[in-house]
Amino acid sequence: MSTKINQKNLQQKKDLKEVKKVKAKQKEKNTVSIETKRHSLSHLLAYAVKELWPQAKLSIGPAIDVGFYYDIDFGERKISDADLKMIEKKMVYLIKQNLSFERSEQKIAEAISAEQKIGEIYKAELISDLAAGGETIVSYYTVGKFKDLCRGPHVANTNQIKAGSFKLNKLAGAYWRGDEKNKMLTRIYGLAFETREELNDYLKMIAEAEKRDHRKIGKEQNLFMIHEYAPGIPFFLPKGMIILQELLKFTRKYSYDDGYQEVRTPQLLNAELWKTSGHWEHYQEDMFILHQADGHDLGIKPMNCPAHMLVFKRDPHSYRDLPIRLAETTTLYRNEKSGELLGLVRVRSLSQDDTHIFVRPDQILSEIAILLEKVKKIYQIFNLQIDKIYLSTRPEKFMGEKKAWDQAEANLKTALENAKLNYEINAGDGAFYGPKIDINVKDAIGRQWQLATIQLDFQLPKRFDLHYIDQHGQKQTPIVIHRALLGSLERFMGVIIEHYAGAFPVWLSPVQVKVISVAEAHISAAQELSQELKTAGLRVELDAENETVGNKIRKAINEKVPYMLVIGDQEIASPILNVRDRGAQKTRKITRDKFIAEALKKIENHQ
Ligand SMILES: [Zn+2]
Ligand SMILES: [Zn+2]
């Protein structure tokens, strides 16, 4: 029982969404969706469990992202990984019996008492909820000898599930209804795909992801640490700080450029500001608030937007001044739930390559076009492939005029098309204050990460009563574009640690060159070389420890340093260096000057 899960609302919402998705898909084509197979497997999991332990009490068993789970009360019995194997074997046996799923109905009062009679207290509670919601009849599905409360849909017959396409993979603890006051049940997770091959590919990907886990690499390479005194707020160690600083430099060069103006706004701002921006009403739960004795509460900023509105408002603006691009990378704090924190990728403190661009309506198209070109260039440098782009459009409840929305959405589409970027439309999924573009990338092992967001905002400038004077001398409200292309730098660092598996390109490597002395007699020459390389602008570490060369080389290989230079008798006698490149089996010969020029060129080109 390693993980405790407490995500009641989230899970319920997800389950609902899942059901809707499944139904929509079923309608679309008359085939069995993978969600249906996953959900059917959860019934078979419960069936197998009841065959093995008739006393076990069942609760809920939905399909999830890559499989399914079932929450079960095993009483005193502790379920082990060996038990999982046994349950899985039983499931395979049941599936081979070519069992069909049969639907039946029962009056709700009868169903409750029937469940109570056989001790299925959780099911009885679930049905009581349905009764309280006004339902009078519940549906059951029977497969083989096992009957379970369910709305469906399922596979018609277990022969629709391919052999080897699923696997029980994980045990966790989960409170009944996600409430820690309730009993902790055992959650059994399964993975399920269409075929055995797909499952195997997924397992391979997971194993690779584990090797690349940024928390593991961060520890091995001394990049960052997380302490219990500051959950979700990483400490960047000297080597991690170098990467963070490089990302900041990168941000200033590529994410911003000379058209951007960097500002620094307060970390602590009066509650009145957050009331004006709407955060007090809609975002307070995610904020850290300081209650002052004089009654003037302060909020630690979770976003830069409201402060940037104040900066814009300070001066009068003409239509000729726009666009105005205010950029800021100071740290923001968000009170994420402790259960959701994860290394660098889900944190409570973050610094973004954040910018607010104040534009006239006729500038949206050109501004978005510039941003999309930046996005393409940035991800190309990191070798991250743009995977999916989503354009979220006007929701049912929206603010502003329909005409302005139509115009803005048309501009976003045109900009995406002109940039030759494929996108999907999430109709009605935009925020009430404006449409947005989300950009997902694929990393080296095919995982998707959502990084850039470009969000239009008709509302905030109105709330702050911002104006510019148009060519007719009339007051007009600007539109704001919120944009972050790398997103949070902390999260981006987590993503690229995994993307590169810790073998950073030269420009990002905390240590670019490792100089290794063979013996005592070579230390001063190694020191001299290190100094020369440092002066040239390279990050160098000297290993002059009293260890064998073999050990020192192995250490440098583990640290994934791009270049290794061993200094022994031969190297002292000659002006030529023996370079061992990361990943290479053999060394190569090169003059000092040429080596320095080569390394500096890589750094300059972000390689
Ligand atoms: Zn079902
Ligand atoms: Zn913003």
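Indexing begins at 1, ligand by ligand and atom by atom, following the structure's order. Every value quoted in this text rests on a predicted model; they were computed, and no experiment measured them.
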Which atom name does His154 have for its N/O/S atom nearest to the Zn ion (ligand 1)?
NE2
Can you classify the ring geometry of Phe492 versus Phe382 as parallel (below 30°), tilted (30 to 60°) or perpendicular (above 60°)?
perpendicular
Measuring from the Zn ion (ligand 2), name the closest N, O or S atom belonging to His356.
NE2
Classify the ring geometry between His43 and His39 as parallel (under 30°), tilted (30 to 60°) or perpendicular (over 60°).
perpendicular
Which atom, among the N/O/S set of His482, is closest to the Zn ion (ligand 2)?
ND1
Restricting His39 to its N/O/S atoms, the closest one to the Zn ion (ligand 1) is NE2
From the list Leu384, Leu486, Leu485, Asp438, side chain to side chain contact (heavy atoms under 4.5 Å, CB included) with Leu451 holds only for Leu384
Is it true that a side-chain atom of Lys183 and a backbone atom of Tyr175 form a donor plus acceptor pair closer than 3.5 Å?
no
Derivation and outcome, side-chain contact (heavy atoms from CB on, under 4.5 Å), residues Arg483 and Ser255
CA-CA 10 Å; Arg483 48 122 289 180; Ser255 181; 2.6 Å; yes
Only N/O/S atoms count here: what is the atom of His43 closest to the Zn ion (ligand 1) called?
NE2
